[in-house]
Amino acid sequence: MDSKDAKDREELRTRLEGLHADLQSASEITASEREVLSNLVVGVLRLDAEKAPAEHHLREILEEKSSAYEVKYPKLAFAMRQVLDILSRMGI
């Protein structure tokens with residue numbers, strides 16, 4: 001793994017941890033949505049570690065949620081787009 005990959009992985013982990021913290025503190029999100037998004041964060045973390053074949057499915061969900069939350073939850077949508085950008089740079 002080269003230094004760029006290591007940097008991207010560390011940035012991804014940091015962004016995902018921040019997104020997870022934002023989700024836990026977002027009182028306006030329903031418990032079921034919070035669970036879906038938390039599972040998504042965990043899935044992306046696992047995906048990064050394993051390079052699992054589910055990457056396309058997780059990206060699709062992340063993209064959908066990012067678009068859906070743009071108006072109502074802009075901070076979460078922004079965090080999701082940052083994660084998507086990092087995944088894209090990593091070829092995931």
Side-chain angles (χ1 to χ4, degrees):
M1 177 183 333
D2 65 16
S3 64
K4 183 174 175 358
D5 284 345
K7 182 181 174 189
D8 284 344
R9 286 180 186 285
E10 183 58 35
E11 184 179 359
L12 177 62
R13 181 165 298 282
T14 300
R15 297 288 183 192
L16 286 170
E17 288 170 355
L19 177 57
H20 191 262
D22 289 344
L23 288 170
Q24 297 310 310
S25 66
S27 60
E28 65 275 2
I29 294 180
T30 65
S32 62
E33 272 297 293
R34 185 176 290 115
E35 184 178 343
V36 167
L37 293 170
S38 290
N39 288 339
L40 181 65
V41 168
V42 170
V44 172
L45 283 169
R46 245 187 254 127
L47 172 68
D48 179 45
E50 301 170 2
K51 294 289 186 182
E55 66 186 53
H56 182 69
H57 179 67
L58 290 173
R59 279 191 63 88
E60 282 181 356
I61 294 171
L62 196 54
E63 288 169 355
E64 288 172 14
K65 295 295 183 184
S66 173
S67 295
Y69 290 176
E70 187 65 38
V71 174
K72 199 168 181 182
Y73 312 113
K75 184 178 177 182
L76 292 175
F78 179 73
M80 288 178 200
R81 283 192 307 280
Q82 289 178 317
V83 169
L84 284 165
D85 287 345
I86 296 165
L87 290 173
S88 180
R89 285 196 317 253
M90 294 172 69
I92 296 175

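The figures that follow rest on heavy atoms only: side chains count, while hydrogens, waters and symmetry mates do not.
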Rounded to the nearest 0.5 angstrom, the CD-NZ distance for E10 and K7 is 11.5 Å
Between the OG atom in S38 and the CG atom in L19, the distance rounded to the nearest 0.5 Å is 8.0 Å
Listed partners of [X] passing side-chain contact (heavy atoms from CB on, under 4.5 Å), at least two apart:
| X | result |
| --- | --- |
| K4 | D2, D8, R89 |
| T30 | S32, E33 |
| S67 | none |

Minimum side-chain heavy-atom gap L16-H20 below 4.5 Å = no
Contacts of E63 meeting side-chain hydrogen bond (donor to acceptor under 3.5 Å, both in side chains) (sequence neighbours excluded), chain-then-number -> R59
Please output the side-chain donor-acceptor pairs of residues 74-85 that fall under 3.5 Å, not counting sequence neighbours, one pair per line with the distance.
residue : atom : partner : partner atom : Å
R81     : NH1  : E70     : OE1          : 2.5
R81     : NH1  : A77     : O            : 3.4
Q82     : OE1  : R15     : NH1          : 3.3

